[in-house]
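Read the structure below first, then the notes.
Each chain gets a letter, A, B and so on, in the order the sequences are listed, and its residues count up from 1. From a predicted model like this one, the values you see are computed outputs, not experimental measurements.
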Amino acid sequence: MIAVVDQAIDTRAVADAVRDRRHGAVLVFEGVARDHHDGKQVVSLFYEAYVPMALREMEAIAADTRARWAGVSVAMVHRTGPCAIGEPSVVIAVGAAHRGEAYEASRHAIDELKRRVPVWKREHYADGSAWIANKV
Amino acid sequence: MIAVVDQAIDTRAVADAVRDRRHGAVLVFEGVARDHHDGKQVVSLFYEAYVPMALREMEAIAADTRARWAGVSVAMVHRTGPCAIGEPSVVIAVGAAHRGEAYEASRHAIDELKRRVPVWKREHYADGSAWIANKV
Amino acid sequence: MRVVIRYFAALRDIKHRVEETVELPEGTTALGAYAAMGLPTALPVAFAVNMERVPGGTALAHGDELVFLPPVGGG
Amino acid sequence: MRVVIRYFAALRDIKHRVEETVELPEGTTALGAYAAMGLPTALPVAFAVNMERVPGGTALAHGDELVFLPPVGGG
C-alpha cells in the first residue's frame, strides 16, 4: 500500500497491509503533528504534495527498501491538507522475519521519504505561518 | 501501560497510551508469531510468564528507557497462553519528540525485554514442541 | 514550445496560481524557465520534468510538465 | 525454613507441578535448593528470589519465593 490521502490515516490498515505469516516483526512508524518546533508553539499543520510524483517517489523508496532488505514488506501513506496536533501525517509499516531488519528498513524508508518525496509542510502559529523544510 | 495479558493484544490501545502533544514520532513494534524457526515449520506458539516478576522487569525496562531518552513515553504489553501465527505476542510503543530517539528507545526496550523478562516460548510443530530460548 | 508548470508551497504563494501553460523559446532550460517566470533566484529550488528530478540545465521539450521543488517538508 | 518454589517452562514439564512449599535446612542456597529438588544440573538456569535475580550461591531465608529461570524466550 502506497498512498497519499487527504483525510485521517488509518494506521491499522497500513500495518495490516504488511502482515505475512513469515514475518516475526511488524514495525509501524507514525510521524505525528507536534505542538512545537524550534521553540515556537504550533497550532496545526498543513501538508501539500505534488501527488503523482510523491507516489512515484514513495514507490521507488519502497522498492529500494525491499531490494536492500530481502523479504521485507513496506507500506507508506502520507496525508495532505490540514493535520491537527496529535494526528499522524505519515505512517510507514514494515514487516520482516526478524526485528533487526525491520528497524533498519523502517528507518531507511522514513529518512528517504523526508529527503526526497515532494511534500511540503506549513506550520501554523498563533500569529502566522511558515513553510518548514526538513533538515538535510 | 505495562501489562501481561492472556488474550489478543490491542495494538491501538498500546499506541494510544504513549500519545502526547509534544511527540512528533510514535513507533510501534509488534513481535509476531511467525510460521518458521531455524528451518522448521511452526504451527502455533505458547507463552508462559512468571507474571509478577515479568511486570517488574518490564517496569524497570520502561523506567530505564525513559531515563536514557528524556521525554519519551513507553508502553509494553506481553501476551501469555496460545498465540496463533500472525498474532502479536508483544507490543511496544514509544512516543518521542523526534524519530531518532523513538527508534533507539524502541530497539533498546525490545532487546532488553528479550534478554531479561521472565517469559518462555514453546513452539508447536506438526510433530511435537520445544521450549525456545532467545539468542543472547 | 508549450510547457505546463505547476507550483507548490512557497512558489504557489508567490505566483498565486497552481498551474499554468506557457510558451517558451526552443532550448529553454528548467532554470531558464524559472527565471522567465520571474521567481526569486535566492530560493534553493530543485527541478522535476515529467516527475523526474533533473539538473537546472536540462533543456525542456514541447509538452513537458515542469515543477520547481522548494526544499521538501514531508514526514 | 520454609520456601515456596515456582516452576516454569521446561522445569514445570519435568516436575509436573507449578508450585510447591518445601522445608530446607537453614543456610541452603538457591543452587543448593535446585540440586535438592533433583533437577538436571546441565540446564543453564538463573535464580530469582522474591522476584530479584540473584547468584546461585545466595542463601535463602524463611518465607522466600524461589524461582529457577530457564533461558527466557519472550518477545
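Taking the six-membered ring for Trp and thresholds of 30 and 60 degrees, A/Trp120 and C/Phe8 have nearly parallel ring planes, at less than 30 degrees apart.
Contact count against chain C (heavy-atom pairs under 4.5 Å) is highest for A/Glu48 among A/Met76, A/Glu48, A/Lys121, A/Glu30. Chain A forms more heavy-atom pairs under 4.5 Å with one residue of C/Ala10, C/Pro70, C/Ala48 than with any other, namely C/Pro70. With chain C as partner, the option from A/Lys135, A/Glu57, A/Arg116 having the largest number of non-hydrogen pairs under 4.5 angstrom is A/Arg116.
In this structure, the portion of A/Tyr47 lying under 4.5 Å from any heavy atom of chain C is its side chain and not its backbone. Residue contact with chain C, scored on non-hydrogen atoms closer than 4.5 Å, involves the backbone of A/Ala49 exclusively. With a threshold of 4.5 angstrom between heavy atoms, C/Asp13 approaches chain A through side-chain atoms but not through N, CA, C or O.
A/Arg115 has a carboxylate O that lies under 4.0 Å from a charged side-chain N of A/Glu112, or vice versa, which qualifies the two as a salt bridge.
Of the possible polar contacts, one joining the C/Asn50 side chain to the C/Glu65 backbone as a donor-acceptor pair under 3.5 Å is found. Although no hydrogens or angles enter the test, the distance criterion places no donor-acceptor pair under 3.5 Å between the side chain of A/Thr65 and the main chain of A/Ala105.
No hydrogens or angles considered: nothing links the side chains of C/Arg2 and C/Thr21 as a donor-acceptor pair under 3.5 Å.
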